[in-house]
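Have a look at the structure below, then the notes.
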Amino acid sequence: MKTRIVRELGELRSLVARWRKHGDGVAVVPTMGALHAGHLALAGAACESGDRVVVTIFVNPKQFNSPDDLARYPRTEEADAKLLAPLGVEVIYVPETGDVYPPGFATTVSVAAIGSGLEDKYRPGHFDGVATIVAKLLAMTQADRAWFGEKDYQQLMVVRTMARDLNIPVEVIGHPTMRDADGLAMSSRNARLSPQERSVAPALNAALRRAAEAIIAGARPVDAADAARHEIIAAGFRSAEYVEMRTAAALAPMATLDQPARLLAAAWLGKVRLIDNIAVD
Ligand code: AMP
C-alpha cells in the first residue's frame, strides 16, 4: 500500500467516503510533524487496530505562545512521510494554513478548567488553539477513533472533554508515553537541546519517578513535589514552572493519594521547555 500525501480537504473527504462505503473504520493521529518514535507508536497502534489511518501534520499557529517557538518548530515533511509509509498509514493530511484558517475565521473552541494551574497557566490560550484545531481535524477526517499521547496528558483530557461535550462521535484513545532509554520523554523539541542539555534532560523524569516512589511510600505529595522541583534545578534546569500531583481522572488538585494520580511537570532547560508526567498509583 502506498501512503498518500493529501493537501486538499475535498480529496480527503472523497477518500474517507470511499472507505466508509467499504464499511471500514477511520482513525486519525493529529501531529505537528517532526515525527519521532512517540508519534510512530501512535500511528502504528492505530494501524494495528484495523482502521484506515490518517496522520495529520499541521503546525498550528493558534497553539503557540511565542512567535519564536513557532518559527523554530522543526518541519521535516519528507522524512516524516518516509517514517509513516512502512506502518501502513493510508493518508498523510497536510492542510495549508490558509485553508484551515481562511480569512474571516471566527470560531474558538474553549474547554474550561481541565486541570487548571498546569499548562493552561503557563501557556494562556494554548488549549483553545488545541481544542479548535482538533475539533476541526475531527470534522475534516470524520474519524471514528482519534489517538493522542499521554505525554501531553492535560491535552488528552482537554480533547476527551471537548469531544464528549460537543457530542462528536469519536473515541479518544490515549497511548503511553514513549521514552528514550534514559527516561527522557520523546519530543520534537528535544532536537533543540545542546549535547550538554540533552545529558541533563533525563533528570526531569528521574525526579518525577523518585517523587512518585516517595508518595507511594507515604510522603506528603506537596513535599515530594517540592523535592522534585529542587532536584530538577540542581540537575541544571533553568526553572521549573510546576511539579504537581493531580487526580488521573480529572486533573483535580489532591492532597493525599486516595485515588489514581498523575505527577505532572514542566521545566525550562536553556531555551527549551520540557514537560513530562507519570502515573502514581
Ligand atoms: P505533537 O506533534 O507534539 O503535537 O504530538 C502529536 C501527538 O503525539 C500528541 O498526541 C502527542 O501527545 C503525541 N506524542 C508526542 N510525543 C509523544 C511520546 N513521547 N510518546 C507518546 N506520544 C507522544
Side-chain angles (χ1 to χ4, degrees), residues 1-35 37-60 62-63 76-109 111 129-150 152 155-156 158-176:
M1 189 201 62
K2 201 165 166 336
T3 306
R4 268 202 219 197
I5 297 188
V6 172
R7 296 179 198 277
E8 287 182 359
L9 181 56
E11 187 184 350
L12 178 70
R13 282 206 191 283
S14 53
L15 280 167
V16 170
R18 206 181 309 154
W19 299 337
R20 292 224 172 279
K21 232 189 208 163
H22 283 115
D24 294 342
V26 180
V28 65
V29 184
T31 81
M32 297 200 299
L35 302 184
H39 300 110
L40 300 183
L42 262 62
C47 290
E48 274 163 30
S49 79
D51 285 331
R52 304 272 193 165
V53 176
V54 179
V55 173
T56 66
I57 297 181
F58 182 62
V59 182
N60 177 28
K62 284 197 192 289
Q63 72 188 68
T76 58
E77 187 184 310
E78 221 171 281
D80 292 347
K82 283 203 182 111
L83 290 169
L84 291 171
L87 302 179
V89 170
E90 294 262 353
V91 164
I92 304 173
Y93 178 45
V94 191
E96 303 287 345
T97 304
D99 290 337
V100 179
Y101 300 120
F105 185 85
T107 301
T108 298
V109 179
V111 180
V130 169
T132 304
I133 190 65
V134 172
K136 281 183 68 99
L137 292 170
L138 294 176
M140 287 161 146
T141 58
Q142 294 166 294
D144 303 290
R145 275 158 290 280
W147 291 76
F148 290 85
E150 287 182 352
D152 301 278
Q155 166 175 280
L156 169 63
V158 165
V159 168
R160 249 194 201 133
T161 305
M162 180 270 290
R164 184 202 63 196
D165 290 354
L166 299 182
N167 302 98
I168 299 177
V170 67
E171 182 191 353
V172 175
I173 302 172
H175 189 283

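The model shown is predicted, which means the values in this text are computed figures rather than measured ones. Residues: numbered from 1 along the sequence shown.
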*List the steps, then state whether side chain to side chain contact (heavy atoms under 4.5 Å, CB included) holds for L156 with D152.*
CA-CA 6 Å; L156 169 63; D152 301 278; over 6 Å; no

_Whether the side chain of T132 engages the backbone of G129 through a donor-acceptor N/O pair (distance < 3.5 Å, no angle test) should be reported._
no

*Are the side chain of R160 and the backbone of V172 linked by a donor-acceptor contact shorter than 3.5 Å?*
yes

*Starting at CZ of R164, measure out to CG of N167 and round the result to the nearest 0.5 Å.*
10.0 Å

*asked:* Let's go through L15 and V6 carefully: what are the C-alpha distance in whole Å and the side-chain angles of both, what is the deciding distance for side chain to side chain contact (heavy atoms under 4.5 Å, CB included) to 0.1 Å, and is it a yes or a no?
replied: CA-CA 10 Å; L15 280 167; V6 172; 4.0 Å; yes

_Closest heavy-atom pair and its distance - G44, L87_ = N-CD1, 4.1 Å

*For the residue pair V134 and Q63, establish whether any side-chain heavy-atom pair is separated by less than 4.5 Å.*
no

*Quick one: does L84's side chain get under 4.5 Å of L40's, heavy atoms only?*
yes

*Contact summary for A81 and I5, nearest pair of heavy atoms*: CB-CD1, 4.0 Å

*So do the side chains of L9 and P95 get within less than 4.5 Å of each other, counting heavy atoms only?*
no

*State the NZ-OG1 distance between K82 and T3, to the nearest 0.5 angstrom.*
12.5 Å

*Between atom CZ of R52 and atom OG1 of T141, what is the distance when rounded to the nearest 0.5 Å?*
15.0 Å

*asked:* Closer than 4.0 angstrom, basic N to acidic O: yes or no for R18 and E90?
replied: no

*If you take all heavy atoms of L138 and A146, which pair is closest and at what distance?*
CD2-CB, 3.8 Å

*Determine the minimum heavy-atom distance between A135 and V109, stating which atoms define it.*
CB-CG2, 4.1 Å

_Min side-chain heavy-atom separation W19-V91 under 4.5 Å_ = yes

*Within-4.5 Å side-chain heavy-atom neighbours: V54 and L12*: yes

_Minimum heavy-atom distance D144-G25, with the two atoms named_ = OD2-CA, 3.3 Å

*asked:* Quick check for you: to the nearest 0.5 Å, what is the distance between I133 atom CD1 and F58 atom CZ?
replied: 5.0 Å

*Given H39, H175, E171, the one that forms side-chain contact (heavy atoms from CB on, under 4.5 Å) with W147*: H175

*Just by distance, do the side chain of K136 and the backbone of V100 share a donor-acceptor pair under 3.5 Å?*
yes

*So do M140 and T56 actually touch side chain to side chain, heavy atoms under 4.5 Å?*
no

*Compare every heavy atom of V28 with every heavy atom of A143, then report the nearest pair and how far apart it is.*
CB-CG1, 3.6 Å

_As an exercise, state the distance from OH of Y93 to CD of E8, rounded to the nearest 0.5 Å._
9.0 Å

*Could you give the distance from OG1 (T31) to CG (L42), rounded to the nearest 0.5 Å?*
9.5 Å

